2 protein chains.
Amino acid sequence: MQTPRRYHHGDLRAALLAGAEDTLREKGPAALSLRELARDLGVSHAAPSRHFKDKQALLDALALVGFDRISRTMTTALEEAGESFADRLAAGARSYVDFAVANAELLDLMYSIKHTPEASEELGAASQRWTEQMMNLIVEGQRSGEVREGPLERVGIGVFSTLHGYATLAASDSLPEEMRGQDLDELVAYILRGCAPEA
Amino acid sequence: MQTPRRYHHGDLRAALLAGAEDTLREKGPAALSLRELARDLGVSHAAPSRHFKDKQALLDALALVGFDRISRTMTTALEEAGESFADRLAAGARSYVDFAVANAELLDLMYSIKHTPEASEELGAASQRWTEQMMNLIVEGQRSGEVREGPLERVGIGVFSTLHGYATLAASDSLPEEMRGQDLDELVAYILRGCAPEA
DNA sequence: ACCTGAACACCGTTCAAGT
DNA sequence: ACCTGAACACCGTTCAAGT
């Protein structure tokens, strides 16, 4: 199913990440085996340890890939969006939900509890960058007067929670039947009401 | 650390569930081993298979425990809450977030993608019961005129997403620093605005 | 630097057999 | 019914040794 052997000219690390993501997507996290990965890539089972000290280290690196990917996706989505907060929010919501559905297992990994205890500096930083990107949207809205004033805890957390919750539920197929595969307009409208200036 | 042996007089099933939840909480899902569980309980490593055909079956049963627990918690929280929608929403939010933080690994399990493919009839039913319990809150609010009219997709999904998102983020320690350990008043206020009747 | 081969201490699952 | 013991085909991790 893959080029017989020797196909990685020194890019075993990248090949491992790509292979791990594939099996994660296709067979779930429980099926991910370092030895099988090595076999498929035509290297010895001990080779991966040169690039990832641990199975967990591979998973952490994969989560990092996820954060980078959603950040990038979001950035280009926002570049193509209009100027109003409503437009930008809608674009952001769309891209997050799309990412979540297309990368359900990765999203699960990104927010599984494991890597909280300072698993990797890089991972924490990437997660924070992504969160701040969402918060920026709110700050923009506040500057243009479309979002109520106040510290970010006041409304930013609400918006982020709503988007993350919806994305998560959609990804894990946990939305009630009546609400599946619906477009996001109603959700965005609900969020906008939550954000609306005071009077 | 536990009664040496023979302590399960026919309640191996319950003992396995309890043990599994403990190690899940204390050492994470990756550390859960059927053989170790059996060892700790003083039975042979093949004994668990009489009660759970599979490791996955044990995990499914554990997720079911989680849905039952949050449902029950929520029910008593709502019984003790006031009559207004604002009060009931606040009570519901509080109990969900508390559950999430106290049972982070269980929550992860409940909403991991695995059991979507009709893993177990019971599990699907429990998950649905819990979702409907949340939706009932909204319907109540609509009846009392505190929540805008319309089908549940309109606002119920928003409320559920917000609560689930916040609970999830809190459980996985992914809330931005400024927003951690804060009380829920601001979040509830944001949700209430999203729910408010039209004029 | 990057990888191999062998070794170690584990796994989950199955299945005959015991009580 | 409920459990045991042995067996099978896997794991992750480590470490000397090779190129």
Side-chain angles (χ1 to χ4, degrees), chain A residues 1-24 26-63 105 109 112 114-115 117 119-120, chain B residues 1-24 26-63 105 109 112 114-115 117 119-120:
Chain A
M1 282 315 126
Q2 50 260 96
T3 342
R5 69 197 69 262
R6 293 302 82 146
Y7 95 82
H8 53 279
H9 36 291
D11 223 359
L12 182 54
R13 200 194 126 95
L16 285 166
L17 278 171
E21 190 182 344
D22 281 358
T23 78
L24 195 65
E26 275 150 35
K27 307 197 287 181
L32 200 152
S33 143
L34 287 182
R35 284 178 105 113
E36 188 178 17
L37 228 44
R39 242 180 276 128
D40 290 350
L41 292 165
V43 296
S44 89
H45 63 259
S49 75
R50 288 293 127 184
H51 300 95
F52 303 101
K53 82 173 229 295
D54 229 30
K55 191 179 186 181
Q56 187 57 50
L58 209 191
L59 292 175
D60 288 348
L62 218 45
E105 299 81 5
L109 195 61
S112 64
K114 293 159 204 156
H115 28 64
S120 122
Chain B
M1 280 317 124
Q2 52 259 94
T3 342
R5 68 197 69 263
R6 293 302 83 144
Y7 96 82
H8 53 281
H9 38 290
D11 222 358
L12 181 54
R13 201 194 124 94
L16 285 166
L17 279 172
E21 190 182 343
D22 281 358
T23 77
L24 194 67
E26 276 151 34
K27 308 199 285 181
L32 201 152
S33 143
L34 287 182
R35 284 179 105 113
E36 188 178 16
L37 227 46
R39 242 180 277 129
D40 290 349
L41 292 165
V43 296
S44 90
H45 63 260
S49 75
R50 287 295 127 184
H51 300 95
F52 303 101
K53 82 173 229 294
D54 227 34
K55 191 179 185 179
Q56 188 58 49
L58 209 191
L59 292 175
D60 288 348
L62 218 43
E105 299 80 7
L109 196 62
S112 63
K114 293 159 204 155
H115 30 64
S120 123

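Since the model is a prediction, treat every value here as computed from it, not as a measurement. Here is how names work: the chains are called A, B, and so on, in the same order as the sequence lines, proteins then strands, and each is numbered from 1.
Nearest-nucleotide positions on DNA chain C for A:Ala47 and A:Arg35 put A:Ala47 closer to the 5' end. If A:Ser49 and A:Glu36 are placed on DNA chain D by their nearest nucleotide, the residue sitting closer to the 5' end is A:Glu36.
Side-chain N/O atoms of B:His45 and base N/O atoms of D:dA6 include a donor-acceptor pair closer than 3.5 Å. Not a single donor-acceptor pair, N or O on each side, falls under 3.5 Å between the base of D:dT4 and the side chain of B:Arg50.
Atom CG in A:Leu32 sits roughly 8 Å away from atom P in D:dG12 (whole-Å rounding). Atom CZ of A:Arg13 is separated from atom P of C:dC2 by 12 Å (rounded to the nearest Å). Between the P atom of D:dT13 and the NE2 atom of A:His51 lies a distance of 16 Å, rounded to the nearest Å.
In this structure, A:Phe52 and A:Leu17 have side chains that are in contact, with non-hydrogen atoms separated by less than 4.5 Å.
The nucleotide C:dC10 finds no pairing partner, because no Watson-Crick or G-U wobble arrangement with both distances shorter than 3.5 Å includes it. Remark: C:dG5 base-pairs with D:dC15. Criterion, Watson-Crick or G-U wobble with two distances under 3.5 Å.
Between B:Arg39 and the phosphate of D:dT4, there is no side-chain N or O to OP1/OP2 separation shorter than 4.0 Å. An OP1 or OP2 oxygen of D:dG12 is reached within less than 4.0 angstrom by a side-chain nitrogen or oxygen of A:Ser33.
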